Amino acid sequence: MLLEVNNITKKYDDIDVLHDVSFTLKPGVYGLLGSNGSGKTTLFRIICGLIKQNTGTVVYNHDDVQTNPDAFRSVLGFLPQDFSYYPDFTGMKFMLYIAALKGINKSFARKRCLVLLKLVGLEDVCNKKIKKYSGGMKQRLGIAQAMINDPEVLILDEPTVGLDPKERVRFRNLISSFSENKIVILSTHIVSDIEYIADEIIVLNKGKLEDRGVPSELVNTINGSVWEVLVEANKLDHMLAEHVISNQKHSVNGTVLRIISKTKPTHNAHPVQPTLEDLYLYYFREDAVK
Ligand code: ADP
């Protein structure tokens, strides 16, 4: 099982939205991390064959997916960001509808839908209309439909949007139990969502592959670029305006700022152990200071 993304470039109005993006994925859970507008959705749509790239190829198990799109689609599950539901359908009817679109035979479809609705915790409401579902319930239904054909490759575009903390935990467990011997790619700009479940993180920044690695390795690359400084009240505004701040904590002696900076920001700054949250700010600092 091997998914290869080779030198993908995509232009809109002559602007490179994706620039020469290449990576190879074997079974595992991958977090595609990038700020809004970095090209995550565009890349997913290209992998899923919904839009065409300008250059490059997507290859699954050594076959170009565009040469035989039906074969790839049969092993692909996709939760798009702008997933549309039919509000008057019940959860079950919707799942059966998706199963029919995927060509799953009727008698098997019902069993499969039940298993999945149970897995995402919607069995009790599966006969209720979707318009009565909360945002998180709709999102879980979206995840269930993406898994209907027991896909080898599961692509989830911002799957945790609208989930409350309890649902986020459920989601993580769901992905862990599902991901064995599968390629799961999920995009997010919420670091904590992938911190626990992603085997590897792929960082996409302004359409370019910025970095890739296991979370702890990536975090180590910014050792020495995260600082804590105690700042007096009269200097606080200046410091906040001048630096990329990952956290601020008030104390009786002043404010402790956590600063992302390649150089020592003040004489009294001391280096601290970076986190994935810091790494995100390190990569996307321009968005952070805006
Ligand atoms: P992300 O999913 O990381 O937020 P997108 O892939 O949605 O990023 O968008 C990347 C960039 O491409 C953005 O600047 C967006 O405005 C632009 N873009 C996306 N789709 C289109 C389109 N159909 N036409 C023109 N520009 C687009």
Side-chain angles (χ1 to χ4, degrees), residues 25 27-36 40-41 44 77-83 85 91-92 94-95 98 112-128 130 132-204 213-219 246-247 249 258 273-281 283-284:
L25 307 181
V29 180
Y30 300 87
L32 185 64
L33 187 65
S35 59
N36 284 329
K40 303 182 295 297
T41 296
F44 281 171
F78 181 41
L79 171 66
Q81 204 174 15
D82 50 359
F83 191 61
Y85 302 84
M92 176 54 96
F94 179 75
M95 288 292 286
I98 299 289
R112 176 84 186 138
C113 291
L114 263 178
V115 167
L116 286 172
L117 286 164
K118 202 168 173 183
L119 198 65
V120 298
L122 290 176
E123 74 272 35
D124 292 344
V125 292
C126 70
N127 293 318
K128 278 200 174 143
I130 297 173
K132 297 200 169 150
Y133 283 15
S134 68
M137 286 156 86
K138 284 184 195 154
Q139 199 67 354
R140 280 188 270 149
L141 185 63
I143 293 165
Q145 67 76 34
M147 290 160 70
I148 201 139
N149 53 337
D150 195 19
E152 293 174 9
V153 179
L154 178 65
I155 296 183
L156 305 168
D157 197 357
E158 301 272 359
T160 53
V161 166
L163 300 187
D164 65 28
K166 206 171 125 200
E167 287 174 323
R168 289 187 132 76
V169 173
R170 183 200 281 272
F171 170 76
R172 282 185 215 147
N173 295 339
L174 183 67
I175 294 301
S176 306
S177 60
F178 176 80
S179 62
E180 199 180 334
N181 208 26
K182 292 179 198 304
I183 296 171
V184 180
I185 324 170
L186 54 109
S187 72
T188 186
H189 56 274
I190 303 168
V191 175
S192 57
D193 284 345
I194 50 173
E195 191 159 18
Y196 299 106
I197 47 170
D199 301 313
E200 269 195 57
I201 294 176
I202 297 169
V203 183
L204 198 63
V214 302
S216 58
E217 270 171 23
L218 282 186
V219 163
S246 126
N247 194 32
K249 205 167 48 190
R258 191 176 176 94
Q273 179 65 35
T275 64
L276 207 53
E277 199 94 41
D278 298 322
L279 183 82
Y280 184 91
L281 287 177
Y283 285 130
F284 304 109

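In this text the structure is predicted, and so the values were computed from the model without any measurement.
From I197, atom CD1 reaches atom CZ of F171 across 5.0 Å, with rounding to the nearest 0.5 Å. With values rounded to the nearest 0.5 angstrom, I201 atom CD1 is found 6.0 Å from L33 atom CG. Rounded to the nearest 0.5 Å, atoms CG (L122) and CG (L114) are 11.5 Å apart. Summarising the geometry, atom SG belonging to C126 is positioned 10.0 Å from atom CE belonging to M95; distances are rounded to the nearest 0.5 Å. Distance check: N149 CG to L154 CG gives 9.0 Å after rounding to the nearest 0.5 Å. The CG atom of L117 sits 6.5 Å away from atom CG of L141, with the distance rounded to the nearest 0.5 Å.
V29 and S179 make their closest contact through CG2-CB, 3.4 Å (heavy atoms, listed as atom of the first residue, atom of the second, distance). Contact detail for V120 and L174: the closest heavy-atom pair is CG1-CD2, 3.7 Å. Contact record, P215 with D199: CD-O, 3.6 Å, taken as the closest heavy-atom pair. When all heavy atoms are compared, the tightest approach of A144 to L116 is O-CD1, 3.5 Å. For the pair V219 and P274, the tightest heavy-atom approach, listed with the atom from each and the gap, is CG1-O, 3.2 Å. Contact detail for A146 and P151: the closest heavy-atom pair is O-CG, 3.5 Å.
No donor-acceptor distance shorter than 3.5 angstrom exists from the side chain of T160 to the backbone of L163, with no hydrogens or angles considered. Judged by distance alone, the side chain of S187 and the main-chain N or O of E158 form a donor-acceptor pair under 3.5 Å. Of the possible polar contacts, none joining the Q145 side chain to the R140 backbone as a donor-acceptor pair under 3.5 Å is found. At distances below 3.5 Å, not a single donor-acceptor pair connects side-chain atoms of E277 with backbone N or O atoms of S192. No side-chain donor-acceptor contact under 3.5 Å links Y196 to the backbone of V169.
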(request) Could you walk me through whether L79 and Q139 pass the side-chain contact (heavy atoms from CB on, under 4.5 Å) test, one step at a time? (result) CA-CA 9 Å; L79 171 66; Q139 199 67 354; 4.1 Å; yes
(request) Go through the steps to decide whether R112 and D150 satisfy the test side-chain contact (heavy atoms from CB on, under 4.5 Å), and finish with yes or no. (result) CA-CA 9 Å; R112 176 84 186 138; D150 195 19; 3.8 Å; yes
(request) Kindly determine whether S35 and Y280 satisfy side-chain contact (heavy atoms from CB on, under 4.5 Å), including the steps that lead there. (result) CA-CA 9 Å; S35 59; Y280 184 91; 3.4 Å; yes
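Between F44 and P80 there is no side-chain heavy-atom pair separated by less than 4.5 Å. Side-chain contact between M92 and C113 is present, with heavy atoms from C-beta onward closer than 4.5 Å. The shortest distance between side-chain heavy atoms of I143 and F178 does not fall below 4.5 Å.
For F83, the ring-ring contact (aromatic ring centres under 6.0 Å, His included) criterion is met by Y85, F94, not counting sequence neighbours.
Using a cut-off of 4.0 Å between Lys/Arg side-chain N and Asp/Glu carboxylate O, D157 and K40 are scored as not salt-bridged.
Using modelled atom types and a 3.5 Å distance limit, the side chains of D278 and T275 yield a donor-acceptor pair.
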